[in-house]
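First the structure, in the form of structure tokens, and then the observations on it.
Start at 1 and go down the list; that is how both ligands and their atoms are numbered. Quick caveat, the model's predicted, so the values are computed rather than measured.
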Amino acid sequence: MATEDTAIMGVFEFCKLLGVLKHLDRTGWVRKGVDKPESVAGHMYRMALLSFLATTDPSIDRNKCIKLSLVHDLGESIVGDITPLDGVSKEEKYKKEKSAIERISSLLPESVGNEISQLWEEYEKGETPESVYVKDLDKFDMIFQAYEYETSQNMDLQEFFTSTEDLFRTDQVKSWVEQLKHIRETPK
Ligand SMILES: Nc1nc2c(ncn2[C@H]2C[C@H](O)[C@@H](COP(=O)(O)O)O2)c(=O)[nH]1
Ligand SMILES: [Mn+2]
């Protein structure tokens, strides 16, 4: 197969994996019996737009946050959406997802593949202001989605608030969390 055809087939394989994420229900909601649970892609979509349009901290590189949001769960297209309740150690989850990210990176031109791997590692390490912020968005998107399901499907999803209690690190997202909890606890 000509080099150009191989490159195009790599893009097509990448497209297929992105298609998996568009229809991969987030396990946490499936476990709780949520009707029509959001997809992993939908989760990353809201995080990316919050990074782009709702981030007010001038010291945060929004473009980097958009990229981190869109890359952080890419590996789930191959390994699935593993929850903290599935009995998979953090080390094992990291190894599985790292292998998946390496596979995904290999489908695309080297410079792009390297960027995906570097972004994923930056998110996992959580040592840069952008990765700390996007990890906050990861948890905030989840509790906001939990609140949306509680109100639209009359459910109790307290465990998602409990499991993220005190894990938020940025002032901006902490203020969002406090406001969300206030709304949630105010009688309708
Ligand atoms: N049932 C629960 N599921 C949870 C909890 N915390 C996270 N999760 C789920 C949400 C996702 O499906 C998955 C991990 O999401 P990432 O975006 O971190 O890959 O785990 C919980 O407290 N209960
Ligand atoms: Mn996530």
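At least one donor-acceptor pair under 3.5 Å links the side chain of Gln172 to the backbone N or O of Thr56. Not a single donor-acceptor pair under 3.5 Å links the side chain of Asn114 to the backbone N or O of Ser111. For Ser99 (side chain) and Lys95 (main-chain N/O), no donor-acceptor pair under 3.5 Å exists by modelled atom type. Without hydrogens or angle criteria, Asp136 side chain to Thr170 main chain gives a donor-acceptor distance under 3.5 Å.
Of all atoms in ligand 1, listed by their number and element, those nearer than 4.0 Å to a heavy atom of Asp138 are 17 (O), 18 (O). Against a heavy-atom cut-off of under 4.0 Å, His43 is close to the following atoms of ligand 1: 17 (O). Ligand 1 places these atoms under 4.0 Å from at least one heavy atom of Leu85: 1 (N), 2 (C), 23 (N).
Where the criterion is an N or O separation shorter than 3.5 Å, residue side chain and backbone included, Ser163 meets it with respect to ligand 1. For ligand 1, one of its N or O atoms has an N or O atom of Glu159 under 3.5 Å away. Note: an N/O pair closer than 3.5 Å links Arg26 and ligand 1 by distance alone. Considering both main-chain and side-chain atoms, Asp73 comes within under 3.5 Å of ligand 1 through a nitrogen or oxygen pair. No N or O atom of Arg31 sits closer than 3.5 Å to an N or O atom of ligand 1.
Residue contacts with ligand 1 do not include Lys139, since none of its heavy atoms lies under 4.0 Å from the ligand. Ligand 1 has at least one atom lying under 4.0 Å from a heavy atom of Ile82.
Using cut-offs of 30° and 60° for the angle between ring planes, the Trp29 and Tyr149 rings count as perpendicular.
Considering the Mn ion (ligand 2) as centre, the angle to OD1 of Asp138 and to OD2 of Asp73 is 170° (10° rounding).
Residue Asp141 does not count as close to the Mn ion (ligand 2), with no N, O or S atom under 2.8 Å.
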Practice problem: Evaluate salt bridge (Lys or Arg N to Asp or Glu O under 4.0 Å) for Glu185 paired with Lys181, printing each intermediate quantity in order. | Solution: CA-CA 6 Å; Glu185 288 150 12; Lys181 287 181 176 176; over 6 Å; no
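Here the CG atom belonging to Leu50 is positioned 7.0 Å from the OG1 atom belonging to Thr55, to the nearest 0.5 angstrom.
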